[in-house]
Amino acid sequence: QVHLVESGGGLVQPGGSLRLSCIASRNISNIYAMGWYRQAPGKQRELVASIFSVGNTNYGDSVKGRFTISKDNAENTLYLHMNSLKPEDTAVYYCRASRYGVAYWGKGTVVTVSS
């Protein structure tokens with residue numbers, strides 16, 4: 001079992017930055033994959049970024065060059081650094097961990113990009 005708690009969401013103006021955090025209840029160094037997903041109102045949940053246990057990363061096309069995923073194994077924390085935010089980035093952002101074929105989700109944190 002892996003419990004995930006996201007934080008760091010909020011209201012930000014277009015062009016601004018935010019850093020999301022996801023604290024896991026267990027050691028994340030041996031978790032196969034962790035990632036951030038988002039779901040905007042009326043839309044399906046989509047991949048934002050993922051990071052694997054060996055360190056390689058993957059990004060959704062809409063966030064490439066603007067968002068960076070990272071993790072701190074010692075702190076059991078996953079991060080999402082978001083720059084150059086756009087109104088279309090507004091969504092609930094969810095943390096996900098995949099361990100032994102089982103997916104675990106946090107409850108999400110809301111990001112609103114608006115002037």
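- A distance-only check finds a donor-acceptor pair linking the side chain of R66 to the backbone of S84 [under 3.5 Å].
- Interatomic distance, CZ of R96 versus CD of E6, reported as 13.0 Å (0.5 Å rounding).
- The disulfide (SG to SG under 2.5 Å) contacts involving residues 45-115 comprise C22-C95, where partners must be two or more places apart or lie in separate chains.
- Residues satisfying the salt bridge (Lys or Arg N to Asp or Glu O under 4.0 Å) criterion with K107, sequence neighbours excluded, are absent altogether.
- Considering every non-hydrogen atom in both P14 and S115, the closest pair reads CD-N, 3.7 Å.
- Salt bridge D89/K86: absent, no basic N to carboxylate O contact under 4.0 Å.
- Applying the disulfide (SG to SG under 2.5 Å) test to pairs two or more places apart or on separate chains, none has a residue in residues 39-73.
- Within the structure, every pair that satisfies the ring-ring contact (aromatic ring centres under 6.0 Å, His included) test and touches residues 1-34, not counting sequence neighbours, is listed here: Y32-F52.
- A donor-acceptor pair shorter than 3.5 Å can be found between the side chains of R38 and S62.
- With a 4.5 Å cut-off on side-chain heavy atoms, R26 and R99 count as touching.
- For E88, the CD atom sits in a packed shell: over 12 heavy atoms of surrounding residues, nucleotides or ligands are nearer than 6.0 Å.
- Legend: disulfide (SG to SG under 2.5 Å) pairs involving residues 27-88, not counting sequence neighbours: none detected.
- In this structure, V48 shares a hydrophobic cluster with V2, L4, V12, L18, L20, I28, I31, M34, W36, I51, Y59, V63, F67, I69, L78, L80, M82, L85, Y93, V102, Y104, V111, V113, the cluster being traced through Ile, Leu, Val, Met, Phe, Trp and Tyr side chains under 4.5 angstrom apart.
- With T109 contributing its side chain and G9 its backbone, the two residues share a donor-acceptor pair below 3.5 Å.
- In this structure, NE2 on H81 lies 7.5 Å from OH on Y79, to the nearest 0.5 angstrom.
- Between the side chain of T77 and the backbone N or O of E75 there is at least one donor-acceptor pair closer than 3.5 Å.
- Using a 4.5 Å cut-off on side-chain heavy atoms (C-beta onward), P41 and K43 make no contact.
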